[in-house]
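Worksheet: one structure, shown below.
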Amino acid sequence: MQHILDPDTQLLDAWVTQQRLPIFRAAQIRRWIYASQAESFADMTNLPLELRKELASHFQWWTTRTAAHQKAEDGTEKLLLELADGKKIECVLLRDGERRTICISTQVGCAMGCVFCASGLDGVDRNLTSGEIVEQMLRLGRLLPADERLSHIVVMGMGEPLANLVNLMPALAIASQQEGLGISPRRITISTVGLPTAMQRLAEAAVSYNLAVSLHAANDALRNKLVPVNTKSGLTPILTAADAYFEASGRRLTYEYVLLGGVNDRREDALQLAGLLRGRPALLNLIPYNPVAGLPYKTPAAETVEAFSSLLTERGINIQVRRRKGSRIDAACGQLRRTKA
Ligand code: SF4
C-alpha cells in the first residue's frame, strides 16, 4: 500500500486520474489531510462513500503509532512515535505566545556522534522517508485545537537533516506549499552540524529556508572532540559553505552553541568564538546544556553564561540565550526514546 503522505506530488493526482475522477477530488483530499483535523479517510465527509473506501484500500495514511505522549506545564508536548518497522523517533510541539513551532526528526538515531547528545549514542539506524517526516508534522498539528495552526518548523530533532536531504526536501516542500501545510519557508529552519557539501547543495537548490549551524566549539581541536564529524572537514569549509548559503538565500544565518559547563564556556572560548563570527551577519544562539542521564556534561552556572554572553555582546556579536522549554519532559532530543527503548 502506498503512503499517502509520501510527497510525490504526482501520486494522488495520478491515482485520481486513473480512477477517472475529476481532478478537483485530489485537492479536496489534500485539504482534508493538511488543513483539517481529519484522522481517517472515513472522516472526509464531502467525498462519496465509495471513494472513501477506495482511498482506504489503496493508501495508508498513518504508518506510525504514538508510543508515548508527554506534556510540560509550559505547553510543550513531546511524542514518541513507533514507525512501521518498530523503530522509534521523537518530535515536539512548542507553544510560545502565538507561535506553534514543531521540532521534527529526519533519521532514526544519528551518525554525527556529538558527545553530549542522547540521539547519537547508538549511531544511526536509517533515514526517515519523506512520508514519515510529513507524518510527524500532521501528528503534532493534530495536538492543536481546530482553530490553531502550526506556524513554524525547526528540523532539529533526531538525526542530521543534511544527511537525509533527499527525503527532507520533498517533505519541506509539502510543508510550505499552499495546498500542503502552507507554512512560509521563512518560518522553516534546518539545523545542521555542518556538512559542507550538502550545505552547498542546499545553496544551489535556491530555497529560502533558514539555516542554523551548530558550532559548539570555536577551534578544530575542541570541536573534533565534541562533534567528531568535524574531523572530516574542519571549521573553515563549514563557515565558507554557510556564507555561500547566506549569499544564495539572503537568509540570515543562525549559529548554535551549546554551553557545556567547564568544557567550552571559558573566557578564551568566548573570545575565539567572537573572532570566528565577527563581520558575519548572523545570530548566535547560546544554549545552556540540558543534562542527559548517563552523560557527564553539566549545565554551566548562570554567572558563567552571563559572562560568556557579555564578552560576545561587547565584541559586536548578535546573540540570544535560548530558554529551555519542556526541560521536565526529556526535551533534549533522543532522551525520551532512550528511556522507552
Ligand atoms: S546533536 Fe544533532 S547532529 Fe549531534 S548527534 Fe545529536 S542529533 Fe546528531
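In each ligand, atom 1 is the first atom listed, and ligand 1 is the first ligand listed.
- Heavy-atom proximity to C110, at under 4.0 Å, picks out these atoms of ligand 1: 3 (S), 5 (S), 7 (S), 8 (Fe).
- With ligand atoms numbered from 1 in the order given, ligand 1 contributes 7 (S) to contacts under 4.0 Å with heavy atoms of G159.
- Because its NZ or CZ atom is both nearer than 6.0 Å to the ring centre of W62 and within 45° of the ring axis, R139 counts as a cation-pi partner of that residue.
- When distances to atom 4 (Fe) of ligand 1 are checked against a cut-off of 2.8 Å, C114 contributes an N, O or S atom below that limit.
- E135 places none of its side-chain heavy atoms less than 4.5 Å from the side chain of I4.
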Check: So E256 and S191, side chain to side chain donor-acceptor pair (under 3.5 Å) or not? Walk me through it.
Finding: CA-CA 9 Å; E256 310 269 335; S191 170; 5.7 Å; no
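- Of the residues V321, V258, D265, L260, the one that meets the side chain to side chain contact (heavy atoms under 4.5 Å, CB included) test with P288 is V321.
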